[in-house]
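Here is the structure we will look at.
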Amino acid sequence: MRAIVFDRYGGPEVLHETEVRDPAAASGQLLLRIVAAAVNPADYKWRSGMFATLVPITFPHVLGYDVAGVVTAVGEGVTGFAPGDRVAGLLNPISKGGYAELVTMEAASAARIPKQLDFATAAAVPCACLTGTQIVEEMLRPRAGQTMLLTGATGSVGVAALVAARRCGTKVIAAVRRRHVARARELGADDTVVLGEEDWRRGTFDQVLDTVGGPSVAKRCLHVRPGARICTAATEPIDPTGLPAVPEFVAVHPDGSRLAGLLDDVAAGHIPIRIAHRFPLTRAAEAQRLVERGGLEGKVVLDVGR
Ligand SMILES: NC(=O)c1ccc[n+]([C@@H]2O[C@H](COP(=O)([O-])OP(=O)(O)OC[C@H]3O[C@@H](n4cnc5c(N)ncnc54)[C@H](OP(=O)(O)O)[C@@H]3O)[C@@H](O)[C@H]2O)c1
């Protein structure tokens with residue numbers, strides 16, 4: 001099969017197309033013909049070597065967490081999926097493999113794509129929506145009447161977190177760039193604060209869900225009440241000095257049944273998904289450049305096959 005690989009850490013230019021051996025579904029796995037794969041911020045971070053000392057990877061390496069495609073074979077013991085099914089999933093974040101024509105994935109990580117959704121939209125869902133939702137529902141578990149600070153609330157992770165938090169009855173304060181204030185309100189934020197500009201003087205937070213990190217978020221975290229939880233998905237750390245709670249880093253994990261619910265929410269219009277750009281697989285380097293530059297207000301998706 002054709003795949004986009006890299007053999008050493010570096011800039012987008014290290015990505016190149018090559019022929020690699022077709023994978024085969026092991027026990028409990030699906031073999032998927034990929035139709036669309038999303039590009040996530042993590043992709044350029046892995047490529048640049050940001051995680052090299054933390055999690056060494058083997059080369060040549062195929063990036064890509066998020067895939068949507070068609071099942072072509074199922075491994076031993078798989079129930080609930082059959083060849084021809086349209087599925088999406090979050091791949092194992094260490095082994096990855098989405099920038100390719102075929103991939104194997106655990107059946108437990110996959111979910112059927114509702115018929116109303118196209119492959120590109122479905123590919124945009126797993127990593128971002130699972131991250132936002134898992135932090136709300138598995139870590140912070142907010143209650144009605146509480147107040148949550150959500151940074152980067154109009155980003156891909158932020159939008160899913162906002163929907164999940166609002167479902168819990170939590171008041172959400174969106175901390176966003178000035179140009180995203182109106183969008184945050186439109187998405188259901190109860191109040192907004194401009195990150196890095198305004199100060200927050202209207203009360204305390206019971207939880208912080210962060211997708212940005214760094215000093216501007218640390219400053220906002222001074223307003224959490226003692227005993228509150230600060231959970232961050234961001235790779236830029238929040239300096240804990242002087243904060244009433246120590247920030248906890250949270251990593252997304254595959255979860256097919258939760259993903260099925262999220263895809264249904266997207267199909268029903270409860271979670272808005274914006275696709276900012278689409279590229280053919282062969283232009284993965286260009287796609288990563290755009291994601292790294294930021295300011296996209298939507299996902300970048302690679303069209304892999306039909
Ligand atoms: N831990 C995990 O398992 C996990 C999983 C998924 C994502 N992540 C990480 O979470 C972060 C967000 O991911 P994403 O997919 O949601 O990215 P995204 O769609 O690009 O959203 C990020 C949002 O944060 C905003 N933002 C960035 N820097 C900001 C700043 N200094 N002040 C105010 N707003 C700022 C962005 O605005 P602009 O677009 O205008 O810059 C955008 O609205 C990334 O660092 C990603 O690597 C971690």
Side-chain angles (χ1 to χ4, degrees), residues 38-48 50-51 54-55 63-66 90-94 96 98 123-136 138-140 149-164 173-187 189 192-198 200 208-221 230-238 247-255 258-259 262 271-277 287-301:
V39 178
N40 283 289
D43 299 1
Y44 70 77
K45 296 175 184 180
W46 281 104
R47 188 211 66 224
S48 70
M50 184 189 276
F51 309 127
L54 207 64
V55 188
L63 290 166
Y65 284 177
D66 284 333
L90 171 66
L91 301 177
N92 177 320
I94 309 298
K96 311 174 211 52
V125 174
C127 178
C129 293
L130 281 171
T131 305
T133 310
Q134 285 170 353
I135 298 178
V136 171
E138 296 176 9
M139 303 292 296
L140 293 172
L149 177 75
L150 172 59
T151 68
T154 61
S156 304
V157 174
V159 169
L162 180 46
V163 171
I173 315 302
V176 293
R177 294 194 197 278
R178 186 166 293 284
R179 67 174 183 277
H180 294 150
V181 165
R183 176 74 181 145
R185 286 288 200 171
E186 203 178 292
L187 288 165
T192 57
V193 60
V194 178
L195 204 51
E197 294 182 26
E198 298 165 13
W200 174 260
V208 177
L209 194 166
D210 170 53
T211 71
V212 173
S216 60
V217 177
K219 208 170 153 201
R220 295 288 158 269
C221 290
I230 302 170
C231 287
T232 180
T235 43
E236 192 181 345
I238 302 169
E248 303 165 65
F249 178 77
V250 183
V252 65
H253 57 92
D255 180 342
R258 191 183 290 282
L259 177 60
L262 290 166
I271 302 177
I273 298 290
R274 285 181 169 176
I275 309 273
H277 291 275
Q288 284 197 0
R289 275 191 194 97
L290 272 189
V291 174
E292 192 160 2
R293 199 182 306 150
L296 286 175
E297 299 180 16
K299 297 290 291 184
V300 172
V301 172

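As the structure is a prediction and not an experimental result, all values here were calculated from the model. Start at 1 and go down the list; that is how both ligands and their atoms are numbered.
There is a protein heavy atom less than 4.0 angstrom from atom 8 (N) of ligand 1.
The side-chain contact (heavy atoms from CB on, under 4.5 Å) test with Asp66 is passed by exactly one of Val301, Val39, Leu90, Val125: Leu90.
Counting protein heavy atoms only, atom 48 (C) of ligand 1 is closest to Ala233 O, 3.0 Å. Of the protein's non-hydrogen atoms, the one nearest atom 12 (C) of ligand 1 is Thr211 O, 3.5 Å. Among all non-hydrogen protein atoms, the one lying nearest atom 42 (C) of ligand 1 is Gly155 CA, 4.0 Å. Distance from atom 20 (O) of ligand 1 to its nearest protein heavy atom, with residue and atom name: Pro41 CG, 4.7 Å. Arg177 NH2, 3.3 Å is the protein heavy atom nearest to atom 28 (N) of ligand 1. Of the protein's heavy atoms, Thr131 OG1, 3.4 Å lies nearest to atom 6 (C) of ligand 1. Val157 N, 2.9 Å is the protein heavy atom nearest to atom 16 (O) of ligand 1. Looking only at heavy atoms of the protein, atom 45 (O) of ligand 1 is closest to Lys45 NZ, 2.9 Å.
Ligand 1 places these atoms under 4.0 Å from at least one heavy atom of Phe249: 1 (N). Near Gly152, the atoms of ligand 1 lying under 4.0 angstrom from a non-hydrogen atom of the residue are 24 (O). Listed by atom number, the atoms of ligand 1 under 4.0 Å from His180 heavy atoms are 37 (O), 38 (P), 40 (O), 43 (O). Each of the atoms 1 (N), 3 (O) of ligand 1 lies under 4.0 Å from some heavy atom of Ala251. Less than 4.0 angstrom separates some heavy atom of Thr154 from each of these atoms of ligand 1: 43 (O).
Not a single N or O atom of Ser216, backbone or side chain, sits closer than 3.5 Å to an N or O atom of ligand 1. For ligand 1, the polar-atom distance check against Leu195 finds no nitrogen or oxygen pair separated by under 3.5 Å. Checking only distances, Val176 never comes within under 3.5 Å of ligand 1, N or O to N or O. Of the N or O atoms in Glu297, none lie within a sub-3.5 Å distance of an N or O in ligand 1. For Gly295, a nitrogen or oxygen atom sits less than 3.5 Å from a nitrogen or oxygen atom of ligand 1, counting backbone and side chain alike. For a threshold of 3.5 Å applied to N or O pairs, the pair formed by Val252 and ligand 1 contains at least one separation below that value. The shortest N or O to N or O distance between Val250 and ligand 1 is under 3.5 Å. Ligand 1 has a nitrogen or oxygen under 3.5 angstrom from a nitrogen or oxygen of Ser156.
Using a distance-only test at 3.5 Å, with no hydrogens or angles considered, no donor-acceptor pair links the side chain of Thr133 to the main chain of Leu130. Distance alone, capped at 3.5 Å, places no donor-acceptor pair between the Lys45 side chain and the Asp43 backbone.
Contact annotation: the side chain of Arg220 never approaches that of Thr151 to less than 4.5 Å [non-hydrogen atoms, C-beta and beyond]. In this structure, Ile273 and Cys129 have side chains that are in contact, with non-hydrogen atoms separated by less than 4.5 Å. Contact of the Pro93 side chain with the Pro254 side chain is registered, since non-hydrogen atoms from C-beta on lie closer than 4.5 Å. Here the side chains of Ile238 and Ile230 are in contact, with some heavy-atom distance below 4.5 Å.
The pair Arg183-Glu186 counts as a salt bridge, with a side-chain nitrogen and a carboxylate oxygen less than 4.0 angstrom apart.
The CD1 atom of Ile271 sits 11.0 Å away from atom CG of Leu187, with the distance rounded to the nearest 0.5 Å. The line from OG1 of Thr131 to NE2 of His253 is 9.0 Å long, rounded to the nearest 0.5 Å. Interatomic distance, CG of Leu91 versus CG of Leu63, reported as 11.0 Å (0.5 Å rounding). Atom CZ of residue Arg47 and atom CD of residue Glu292 lie 5.0 Å apart, to the nearest 0.5 angstrom.
Of all heavy-atom pairs between Gly295 and Arg179, the closest is CA-NH2, 3.9 Å.
Residues Gln134 and Arg258 have side chains that never bring a donor and an acceptor to within less than 3.5 angstrom of each other.
Proximity of Cys127 to ligand 1 is established by a heavy-atom distance of less than 4.0 Å. At least one heavy atom of Arg179 lies less than 4.0 angstrom from ligand 1.
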